[in-house]
Amino acid sequence: MSSTSIVSSPPKLVVANWKMHGSLLRNQQLIEAYLQGLRSITRAEVVVCVPYPYLAQMTDLLSGTSVAWGAQNVAKYEEGAYTGEVGAQMLKDFGATHVIIGHSERSTAYCESDENIAEKFMMAKRYGLTPILCVGETLLEREAGVMERVVGKQLETIIRLFGGEAFANTIVSYEPIWAIGTGLAASSEQAVAMHEFIRHTVATADKTAAGTVKILYGGSVNPQNAVQLLNQKEIDGALVGRCSLDAEQFIKICQAVPENSVI
Ligand code: 13P
């Protein structure tokens, strides 16, 4: 006979990806509204990933608060003659704790290979930054039924180059490319299936690491679909683009993190 019980769920991570949006004034207003709205929320841990020039502003606005901040990319090199690149130590200098790696808007536009992304992932780790590795398939790949092969290859590149233990205490964000900025989020069934596949792939390489990696969902997350998505135990949080630019919507997404889960 099976029985169900209610347990308090662990907090979930909600990451804002501002992409190339913002100004000093708008950022200040947005962060003030975030902090105000987050006062009553204890279930969500929040990280804001901002364009590089605004990292200094985040140290001013967010130091001493519960909100952490980070960047949206990092160089695979430590330093040197790499015009336009920004190194991991530079992010650390401005208090960043997290960095998004391999977002499809970058990997497509700048032809980043999985190897390049793997090197950035390790560079972030070497400097004590938590990488948020984005993985996901195109619509064509989903329709062809090869989404697990595509996501598997993205993970396997890191495993092949650096071992499964590289995933310990990191973050993977499942971001189906067809769901980003389209208003069409993955269903919770689609997301859960891929999250299980991601954890299983990491576990096959390193069981301990698989127990500590957080797996987020990203792609058209809004206050409505967040309720369903964040209620899944396989989904450790959300990576939010458009709705993170509106404090009211972002706070509602944070509020969607459940207090309790039924097991
Ligand atoms: P949207 O929430 O705007 O779809 O963006 C998702 C995303 O790319 C987060 O990194």
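Order of appearance sets the numbers: ligands from 1, and atoms from 1 within every ligand.
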With sequence neighbours left out, the residues meeting side-chain hydrogen bond (donor to acceptor under 3.5 Å, both in side chains) with T130 are none
Taking a hydrophobic cluster as the set of Ile, Leu, Val, Met, Phe, Trp and Tyr residues connected by side-chain heavy atoms closer than 4.5 Å, whether directly or through intermediates, do F167 and I100 fall within one such cluster?
no
Residues passing the ring-ring contact (aromatic ring centres under 6.0 Å, His included) test with Y217, sequence neighbours excluded, are none
When hydrophobic residues are tied together by side-chain contacts of less than 4.5 Å, even through go-betweens, does I180 share a cluster with I198?
no
Nearest heavy-atom contact between Q232 and Q228 is NE2-O, 2.9 Å
Sorted by chain and residue number, the residues with a non-hydrogen atom under 4.0 Å of ligand 1 are N17, K19, H103, E175, A179, I180, G181, G219, S220, L239, G241, R242
Let me check something: any side-chain donor-acceptor pairs from residues 73-82 under 3.5 Å, sequence neighbours excluded? List them with distances.
residue : atom : partner : partner atom : Å
N73     : OD1  : K120    : NZ           : 2.9
K76     : NZ   : N116    : OD1          : 2.7
E78     : OE1  : Y127    : OH           : 2.7

